[in-house]
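Working notes for the structure below.
This one's a predicted model, so the numbers in the text were calculated from it and none came from an experiment. By convention in this document, chain letters (A, B, ...) are assigned in the order of the sequence lines, proteins followed by strands, and residues within each chain are numbered from 1.
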Amino acid sequence: MAGVTLKIGIVGIGHGRFGNRSDATVQELAFEPFKMAIENTENLQRKDIDALVVGSVPEYHMQRSLPGVVAEYVGMNPKSTWLTEAACASGSAAIRTAYMSIKSGLHDIVAVIGVQKMRELSTQEILALMGRVGDVQWESIFGTTFPGYYALYANRHMYQFGTTKEQIAMVAVKNHYYGSMNPNAYFQKEVTMERVLGSDEVAFPLKVFDCCANADGAACIILTNEKNAKKFSDSPIWIEGLGSASAEMSMLRRPNLVEIPSAVEAAKQAYAQAKIKPSQIQVAEVHDCFTIAEIMAYENLGFCPKGQGGKFIEEKQSYIGGKNPVNVDGGLKAKGHPVGATGVSMIVEIVKQLRGEAGKRQVPGAEIGLTHNVGGIGQYCFVHILRR
Amino acid sequence: MPFKYFGKINFTPYTKVDAFADYLHKGRLMGTKCKKCGERYFPPRADCLKCINDEFEWVEYSGRGTLHSYSKIYAAPKGFEDIAPYTIGVVDLEEGGRLLSWLKDIPENEIKIDMPVKVVPRIFEEIEEIKLYYTIEKR
């Protein structure tokens with residue numbers, strides 16, 4: 001049980017191409033970043049890996065019980081494998097359980113694969129499925145949708161704080177700007193403010209360009225403890241803080257519709273464990289499933305005061321060179337959001353940033369990074385703080 | 001009038017607050033009240049969040065409230081395409097609690113957050129089967 005005091009670090013990363021991946025099955029998608037992560041981890045052989053945690057939302061796939069098929073396809077049998085599900089935060093939940101399993105001394109080296117193949121379903125089926133992440137007894141019966149829920153947040157935020165539709169659109173402009181520098185992103189083209197504001201309505205006030213795209217994709221990381229880490233990497237990236245919290249399933253029982261309470265709580269826990277203040281975060285990956293979600297994330301993570309998220313983007317504080325650069329890989333908005341893969345993809349990007357391997361979108365000298373992964377409409381939130 | 005008749009599409013036909021639909025059919029909007037600590041719930045709950053008690057009674061709600069937020073849904077999920085676009089709203093009820101439903105007969109330029117509204121019990125007339133619901137209207 002000596003392991004309990006040892007730090008946990010990330011020694012290898014892999015990231016597949018996100019987007020329309022009608023060229024591959026879900027296990028074939030999972031194989032891509034798994035292979036890259038093993039190659040990325042010096043001196044690591046597949047047989048050294050103790051366990052495989054899969055983060056995914058099972059309802060999207062025809063194949064049931066995903067860890068079974070993924071473990072077989074990547075050649076992990078007979079090692080331990082399991083699934084974690086926390087809606088769009090399933091990937092971060094997987095990382096949290098991997099961390100626990102190493103910290104407890106049960107496992108030494110763990111691979112986490114976040115994977116999702118959403119496009120086996122039609123857009124209407126996805127809208128119905130995602131709408132049912134609200135309360136199905138009292139809400140979904142009125143045809144609620146995922147964008148619809150965030151639209152309720154957006155309208156209330158605009159009303160209460162004077163946030164403007166232009167400020168909200170600026171999030172899309174920024175994230176597509178950085179997405180244009182990310183070869184793994186679904187959309188690699190910049191967009192103008194006019195294009196965002198002129199796009200088709202989805203759920204007023206949110207338009208097509210306010211919404212992330214349903215996508216297919218996978219990402220993988222290899223974790224181990226301090227004792228093993230040096231064997232595999234000269235520059236392990238340490239997990240210094242972990243926060244995890246939940247909020248009411250039903251919007252109707254939330255204290256307000258202007259913040260994600262689970263994000264506020266998870267951030268508080270992660271900052272306390274890492275002994276870090278929000279102002280020290282040099283690069284962040286936040287859950288911009290919709291543009292308004294990124295604005296609330298600035299506030300909920302303490303990058304700016306409550307209600308000032310619109311101003312924060314308007315002043316370009318979330319660009320490289322601003323107070324807290326956010327989603328400089330394009331975010332969910334430009335990368336696409338294969339739900340189970342997203343939390344792992346966020347960690348991969350932060351590891352690249354902290355290793356100084358982010359290329360054109362590198363935040364100069366970044367040493368401390370954060371991920372903020374929201375499940376559902378805030379029913380779950382996981383915050384991880386990483387340090388070089 | 002069992003709960004399965006509540007909603008255009010009902011996902012939860014069996015519930016301990018089954019009588020809600022029967023009251024709604026009679027034009028009454030009901031919430032629940034914990035018999036032990038007196039906490040009130042809308043949407044109704046059979047079990048008390050506050051004191052972990054499982055005995056409740058029904059209490060009537062006036063349906064009066066204010067509009068907390070709203071959204072006009074253009075991209076509708078499966079089963080709702082035929083009525084899109086439609087505007088959903090969240091109401092802060094006068095007696096406490098919240099409700100989500102469709103806005104009815106409120107011109108778009110008159111929709112304002114925090115405006116006074118009333119909740120009206122309704123039966124779908126366009127559908128052959130009996131389907132109960134409620135709407136959010138001006139007051």
Side-chain angles (χ1 to χ4, degrees), chain A residues 121-162 199-208 210-211 213-214 248-258 290 292 377, chain B residues 3-17 20 31 41-45 49 67-93 96-103 108 111-115 131-136:
Chain A
L121 299 178
S122 73
T123 300
Q124 278 68 35
E125 284 172 315
I126 292 175
L127 278 166
L129 192 68
M130 285 199 156
R132 295 207 309 274
V133 84
D135 181 288
V136 301
Q137 190 173 8
W138 304 100
E139 299 171 13
S140 310
I141 56 170
F142 294 102
T144 52
T145 62
F146 214 59
Y149 278 117
Y150 273 96
L152 292 172
Y153 269 94
N155 272 328
R156 186 73 197 183
H157 201 278
M158 292 164 89
Y159 170 78
Q160 215 163 305
F161 303 118
S199 60
D200 287 346
E201 302 271 7
V202 174
F204 175 82
L206 303 180
K207 298 172 178 240
V208 167
D210 289 298
C211 310
N214 303 320
E248 291 80 358
M249 191 74 181
S250 171
M251 298 307 101
L252 305 176
R253 302 199 200 273
R254 296 264 173 97
N256 63 60
L257 293 186
V258 291
F290 300 94
I292 182 66
I377 313 116
Chain B
F3 199 80
K4 69 175 183 188
Y5 293 111
F6 179 55
K8 183 168 188 282
I9 298 175
N10 186 291
F11 300 103
T12 53
Y14 309 109
T15 167
K16 291 182 178 179
V17 294
F20 176 83
Y41 293 102
F42 199 98
R45 275 185 65 104
L49 256 181
L67 187 66
H68 189 85
S69 195
Y70 68 99
S71 174
K72 187 169 179 180
I73 308 290
Y74 292 85
K78 209 174 163 185
F80 294 88
E81 304 97 327
D82 55 330
I83 57 164
Y86 47 87
T87 303
I88 58 168
V90 171
V91 177
D92 286 321
L93 296 168
R98 288 202 195 113
L99 166 153
L100 186 148
S101 183
W102 295 306
L103 268 58
E108 233 161 88
I111 302 173
K112 298 274 183 295
I113 288 179
D114 278 351
M115 73 188 281
K131 294 281 186 187
L132 304 164
Y133 68 114
Y134 35 63
T135 49
I136 302 167

Exercise: identify the closest heavy-atom pair between A:Asp135 and A:Gln137 | OD1-N, 2.8 Å
Please state whether the side chain, the backbone, both or neither of B:Ile9 comes within less than 4.5 Å of a heavy atom of chain A.
-> backbone
Quick one: do the A:Arg254 and A:Tyr153 side chains pair a donor with an acceptor below 3.5 Å?
-> yes
Given the rule in the ring pair (Phe, Tyr, Trp, His ring centres under 6.0 Å) test, do B:Tyr134 and A:Phe142 qualify, once you have shown the distances and angles that lead to the verdict?
-> CA-CA 10 Å; B:Tyr134 35 63; A:Phe142 294 102; 5.5 Å; yes
With a 4.5 angstrom heavy-atom cut-off, which part of B:Phe42 approaches chain A: side chain, backbone, both or neither?
-> backbone
Who wins among B:Asp114, B:Ile83, B:Asn10 for the most heavy-atom pairs under 4.5 Å with chain A?
-> B:Asp114
Chain B contact via A:Asp200 - which portion, at a heavy-atom distance below 4.5 Å = neither
With a 4.5 angstrom heavy-atom cut-off, which part of B:Ser69 approaches chain A: side chain, backbone, both or neither?
-> both
Contact part of B:Pro44 toward chain A, heavy-atom cut-off under 4.5 Å: side chain, backbone, both or neither?
-> both
Which portion of B:Val91 sits near chain A, non-hydrogen atoms under 4.5 angstrom | neither
Between A:Asp210 and A:Tyr150, do the side chains contain an N or O donor and an N or O acceptor separated by less than 3.5 Å?
-> no
Within 6.0 Å of NZ in B:Lys8, more than 12 heavy atoms from elsewhere = yes
With chain B, which of A:Leu152, A:Asn256, A:Thr144, A:Leu257 has the greatest number of heavy-atom pairs at distances under 4.5 Å?
-> A:Leu152
Decide yes or no on side chain to side chain contact (heavy atoms under 4.5 Å, CB included) for A:Met251 and B:Val90, but give the supporting numbers first.
-> CA-CA 9 Å; A:Met251 298 307 101; B:Val90 171; 5.5 Å; no
Do you know which of A:Phe204, A:Trp138, A:Phe146 has the most heavy-atom pairs with chain B at a distance under 4.5 angstrom?
-> A:Trp138
Under the side chain to side chain contact (heavy atoms under 4.5 Å, CB included) criterion, do A:Val202 and A:Lys207 qualify, and how do the steps go?
-> CA-CA 5 Å; A:Val202 174; A:Lys207 298 172 178 240; 5.5 Å; no
Under 4.5 Å from any heavy atom of chain A - which part of B:Leu99 = backbone
Only one of B:Phe20, B:Trp102, B:Tyr86 forms a ring pair (Phe, Tyr, Trp, His ring centres under 6.0 Å) with B:Tyr133, so which one is it?
-> B:Trp102
Best-contacting candidate, B:Gly7, B:Ala76, B:Ser101, against chain A by heavy atom pairs under 4.5 angstrom | B:Ser101
Which portion of B:Phe80 sits near chain A, non-hydrogen atoms under 4.5 angstrom | side chain
